[in-house]
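Here's the structure we're looking at; comments come further down.
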Amino acid sequence: PPPTVASVRLAVLIPVKRFTAAKGRLTGVLSAADRAALARWMASRVVDVAAEIPTFVACDDDDVAAWAHSRGAEVIWGAGLGLNGAVDDGVERIGTAGFDHVLVSHADLARPDRLLDVAVADRITLVPDRRHDGTNVMSFPMRAPLRASYGGGSFRRHLDQALGRRGVELEVRSDLDLSLDLDTGRDLVHPLIREVLPAWLPTNPANPTR
């Protein structure tokens with residue numbers, strides 16, 4: 001495991017919504033099939049980066065569960081819980097399983113390669129999106145868990161929680177790569193995102209059929 005978490009049992013938790021329901025804000029830019037394929041591609045990259053660490057996918061969809069198993073992740077089934085409920089349920093189950101630190105990541109990070117660097121023992125780490133509105137990644141010891149509060153303005157809410165956890169170091173990490181999520185047509189033309197888009201994506205200038 002990474003040296004920063006060598007002394008703790010780290011788990012990674014990735015909530016993944018039904019692929020065919022993902023990336024709704026790209027409607028009109030990509031077809032339904034391309035949106036589902038893009039969501040699966042991004043989630044696969046995030047899960048694969050965490051492959052050396054026990055990884056759990058929170059979901060309530062059979063196709064996502066089968067995909068997660070195929071990537072070597074364990075499934076935490078949470079039907080009807082919504083994003084925040086699914087994350088809180090996943091964190092609780094991970095703690096019950098004996099892990100003492102958890103890293104929670106969105107599944108749509110465009111450049112997730114440094115994801116595991118966020119986990120530092122005995123530290124709460126928050127990685128906001130590039131607008132400092134959402135929370136792309138958060139990492140915390142199980143002795144000082146954060147309740148999931150995703151949705152608009154989540155970074156401020158998670159930060160307020162973290163500031164209230166006494167006896168735990170806090171870091172807000174501005175990471176250029178991990179701050180990049182992919183939600184809108186404008187995101188598709190961001191220079192750092194365009195560099196990593198799959199060749200098959202119709203909006204990718206490198207696509208020979210474009």
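All values below come from the heavy atoms of this structure, side chains included, with hydrogens, waters and symmetry mates left out.
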State plainly whether the residues D61 and K17 are in salt-bridge range, i.e. N to O under 4.0 Å. no

Set of residues satisfying side-chain contact (heavy atoms from CB on, under 4.5 Å) with respect to P54, sequence neighbours excluded: F56, F99

Excluding sequence neighbours, so at least two apart, what forms side-chain contact (heavy atoms from CB on, under 4.5 Å) with R35? K23, L26, T27, L30, A32

Under the rule for salt bridge (charged side-chain N to carboxylate O under 4.0 Å, His left out), what residues qualify as partners of D133, not counting sequence neighbours? none

Can you give me the closest heavy-atom contact between L10 and A119, atom names plus distance? CD2-CB, 3.8 Å

Does the pair V12 and V102 meet the rule for a side chain to side chain contact (heavy atoms under 4.5 Å, CB included), with working shown? CA-CA 6 Å; V12 174; V102 63; over 6 Å; no

Any side-chain heavy atom of V120 within less than 4.5 Å of one from S139? no

Are I76 and V57 side-chain neighbours, meaning at least one heavy-atom pair lies under 4.5 Å? no

Does L146 belong to the same Ile/Leu/Val/Met/Phe/Trp/Tyr cluster as L159, with side-chain heavy atoms less than 4.5 Å apart forming each link? yes

Taking all heavy atoms of I14 and all of A107, pick out the closest pair and write down the distance. CG2-CB, 3.8 Å

Between A86 and L81, the two heavy atoms sitting closest are N-CB, 3.6 Å

Any ring-ring contact (aromatic ring centres under 6.0 Å, His included) involving residues 13-32? Give me the pairs, sequence neighbours left out, ordered by first then second residue. F19-W67

Does CD belonging to E171 count more than 12 external heavy atoms closer than 6.0 Å? yes

Of all heavy-atom pairs linking A58 and L13, the shortest is CB-CD1, 4.1 Å

Heavy-atom check, side chain of Y150 versus side chain of H106, under 4.5 Å: yes

By side chain to side chain donor-acceptor pair (under 3.5 Å) - contacts of S154 (at least two apart): T135

Strictly distance-based, threshold 3.5 Å: is any side-chain N or O of R111 a donor or acceptor partner for the main-chain N or O of L180? no

In the single-linkage hydrophobic clustering (I, L, V, M, F, W, Y; side-chain heavy atoms under 4.5 Å), do M138 and I94 co-cluster? yes

For D129, which residues count as a salt bridge (charged side-chain N to carboxylate O under 4.0 Å, His left out) partner, sequence neighbours excluded? none

Are V47 and L178 connected in a single hydrophobic cluster, I mean Ile/Leu/Val/Met/Phe/Trp/Tyr linked by side-chain heavy atoms less than 4.5 Å apart? yes

Tell me, please, which residues at least two apart from D100 pass side-chain contact (heavy atoms from CB on, under 4.5 Å). V8, R9

Residue pair N84 / S149: nearest heavy atoms and the distance that separates them: OD1-N, 3.3 Å

Taking side chain as C-beta onward, heavy atoms only, is R173 less than 4.5 Å from L126? no

Measure from the side-chain N and O atoms of S44 to the backbone N and O of R40, and report whether any donor-acceptor pair falls under 3.5 Å. yes

Does the N136 side chain pair with the main chain of P128, one donor and one acceptor, at a distance under 3.5 Å? no

Trace of the side chain to side chain contact (heavy atoms under 4.5 Å, CB included) decision for L182 with L188: CA-CA 7 Å; L182 205 172; L188 287 168; 3.7 Å; yes

Check whether any side-chain heavy atom of V49 sits under 4.5 Å from a side-chain heavy atom of D113, and report yes or no. yes

Contacts of R45 that satisfy side-chain contact (heavy atoms from CB on, under 4.5 Å) - sequence neighbours left out: W41, P112, V196

To the nearest 0.5 Å, atom NE2 of H158 lies from atom CG of L163 at 13.0 Å

Worked verdict on L109 versus V137 for side chain to side chain contact (heavy atoms under 4.5 Å, CB included): CA-CA 9 Å; L109 303 183; V137 185; 3.9 Å; yes

ring-ring contact (aromatic ring centres under 6.0 Å, His included) against H132, all qualifying residues, sequence neighbours excluded: F155

Sequence neighbours left out, what passes salt bridge (charged side-chain N to carboxylate O under 4.0 Å, His left out) with D187? Give chain and number order. R130, R131

ILVMFWY cluster, V127 and V172 together (side-chain gap under 4.5 Å): no

Would you mind reporting whether R194 and V189 have side-chain heavy atoms less than 4.5 Å apart? yes

Smallest separation among heavy atoms of W200 and L38, with atom names: CH2-N, 3.7 Å

Cluster partners of W77, using ILVMFWY side-chain heavy atoms under 4.5 angstrom, listed by chain and number? V75

Report the distance from atom CZ of R143 to atom NE2 of H101, rounding to the nearest 0.5 Å. 10.0 Å

Give the cluster check for L83 versus V91: same hydrophobic cluster or not, with ILVMFWY residues linked at side-chain heavy-atom distances below 4.5 Å. yes

Taking G152's backbone N and O only, do any of them form a donor-acceptor pair with R157's side chain (distance below 3.5 Å, no angle check)? yes

Flag for R18-T20: side-chain donor and acceptor within less than 3.5 Å: yes

Taking salt bridge (charged side-chain N to carboxylate O under 4.0 Å, His left out) as the definition, give me every residue that meets it alongside D88, ordered by chain and number, with sequence neighbours left out. R147

Are I53 and L116 close enough, and set up right, to give a side chain to side chain contact (heavy atoms under 4.5 Å, CB included), and what steps lead you there? CA-CA 9 Å; I53 299 295; L116 294 182; 3.8 Å; yes

